[in-house]
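One structure is given here, and the rest of the page talks about it.
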Amino acid sequence: SEMCIRDRNMALGSWRPNYNPFDTWTNCYRQIRNMNYFLERAPHIKFSNKDELNTVIQRRSKGEAYFLRALYHYDLMRLYGGVNGIPIVIEPVSGIENAYVPQSPASKVYEQVISDFEYAAGLNDDDSPRLPKRLDPTYTSGRVTNGAAHAFLAEVYLTLGRWEDAVREAQEVISSEQYTLVNDYQ
């Protein structure tokens with residue numbers, strides 16, 4: 001896998017100018033690109049031969065892609081953005097005409113991050129959550145949950161000093177009764 005090759009290259013000291021496993025900027029934008037390609041193609045992907053299951057998987061996968069795109073933009077913003085912001089990439093690159101994306105102000109980046117997290121934390125047309133609850137039978141360990149989307153929204157609002165919004169999102173996680181505090185490990 002790519003991670004094994006990366007670890008081996010680090011152990012051997014074989015970093016190159018075009019290969020840096022800790023190049024967060026490039027790695028995050030690579031994943032944002034992947035999420036955008038997925039979101040563009042998702043309506044045409046057949047995940048299952050059963051129509052109902054296909055719809056469930058498609059909705060969940062789309063919610064996960066929005067969540068991850070928000071998370072990567074948020075990480076980039078915290079690491080590199082400052083007040084000047086970063087480029088917001090929400091369209092697949094289809095050619096040279098949209099390959100260059102100018103830097104966006106921090107306020108616009110956070111608007112996009114919030115929009116993507118809100119989509120992920122939102123409901124489908126049938127009022128089911130886009131992402132499963134942690135204790136939902138359809139939840140698979142290691143996948144993004146509805147609570148994670150609300151928790152990250154709370155964190156973004158805290159970052160922006162939007163205290164009431166942060167409380168609302170944190171309360172959403174707490175009142176879901178899907179999570180508990182870790183017992184004292186001493």
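Note: hydrogens, waters and symmetry copies are ignored here, and every other heavy atom, side chains too, is used. Note that the numbering runs from 1 along the sequence shown for the chain. Since the model is a prediction, treat every value here as computed from it, not as a measurement.
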Taking every heavy atom of Arg130 against every heavy atom of Glu118, the minimum-distance pair comes out as NH1-O, 4.4 Å

Transitive ILVMFWY side-chain link Leu76 to Phe67, under 4.5 Å: yes

Considering non-hydrogen atoms only, spot the tightest contact between Glu40 and His44 and give its length. O-CD2, 4.1 Å

Minimal heavy-atom distance between Asn54 and Phe47, with the atoms involved, is OD1-N, 2.5 Å

Assess whether atom CG of Leu123 is packed by more than 12 heavy atoms of other residues, nucleotides or ligands within 6.0 Å. yes

Rounded to the nearest 0.5 Å, the OH atom of Tyr72 sits from the CH2 atom of Trp25 at a distance of 16.0 Å

Side-chain polar contacts of residues 101-113 - donor-acceptor pairs under 3.5 angstrom, sequence neighbours left out - could you list them?
from, atom 1, to, atom 2, distance (Å)
Gln103, NE2, Asn84, O, 2.9
Gln103, NE2, Gly85, O, 3.0
Gln112, NE2, Asp116, OD1, 2.9

Going by side-chain contact (heavy atoms from CB on, under 4.5 Å), name the residues that satisfy it together with Thr55, two or more places apart in sequence or in a different chain. Arg59

List for me each residue that meets side chain to side chain donor-acceptor pair (under 3.5 Å) alongside Tyr37, sequence neighbours excluded, and say none if there are none. none

Between Asp126 (side chain only) and Ser128 (backbone N and O only), is there a donor and an acceptor less than 3.5 Å apart? yes

Scan residues 166-175 for pairs that pass side chain to side chain donor-acceptor pair (under 3.5 Å), counting only residues two or more places apart or in two chains. His150-Glu169, Asp165-Arg168

In one Ile/Leu/Val/Met/Phe/Trp/Tyr side-chain cluster, 4.5 Å: Tyr29, Leu79: yes

Kindly compute the distance separating OH (Tyr74) from CD1 (Ile86), expressed to the nearest 0.5 Å. 12.0 Å

NE2 (His73) and CD1 (Ile90) are apart, to the nearest 0.5 Å, by 8.0 Å

Does any donor atom in the side chain of Arg33 or Asn36 lie under 3.5 Å from an acceptor atom in the other side chain? no

Same cluster (ILVMFWY, side-chain, under 4.5 Å), Ile88 and Leu68: yes

Measure the spacing between CD1 of Ile114 and CG of Leu160 and express it to the nearest 0.5 Å. 5.5 Å

Correct closest heavy-atom pair for Leu39 and Ala65 would be CD2-CB, 3.7 Å

Measuring only between side-chain heavy atoms, which start at C-beta, is Asn34 closer than 4.5 Å to Phe38? no

Going by side-chain contact (heavy atoms from CB on, under 4.5 Å), name the residues that satisfy it together with Ser94, two or more places apart in sequence or in a different chain. Glu97, Asn98

To the nearest 0.5 Å, how far apart are NZ in Lys46 and CG in Asp51? 5.0 Å

In one Ile/Leu/Val/Met/Phe/Trp/Tyr side-chain cluster, 4.5 Å: Tyr80, Ile32: yes

Would you say Asn146's side chain and Pro132's backbone share a donor-acceptor pair under 3.5 angstrom? no

Listed once per pair and sorted, the salt bridge (charged side-chain N to carboxylate O under 4.0 Å, His left out) pairs that draw on residues 142-159, sequence neighbours left out: Glu64-Arg143, Arg78-Glu155

I'd like to check Thr24 versus Asp75 (side-chain heavy atoms, cut-off strictly below 4.5 Å). Are they in contact? no

Return the CZ to OG1 distance between Arg134 and Thr180, rounded to the nearest 0.5 Å. 6.5 Å

Report the relative orientation of the aromatic rings in Phe152 and Phe117; use parallel for angles under 30°, tilted for 30 to 60°, perpendicular for over 60°. parallel

For Ala170 and Ala154 the tightest heavy-atom approach is N-CB, 3.9 Å

Grab the two heavy atoms, one from Val173 and one from Ala151, that are nearest each other, plus how far apart they are. CG2-N, 3.7 Å

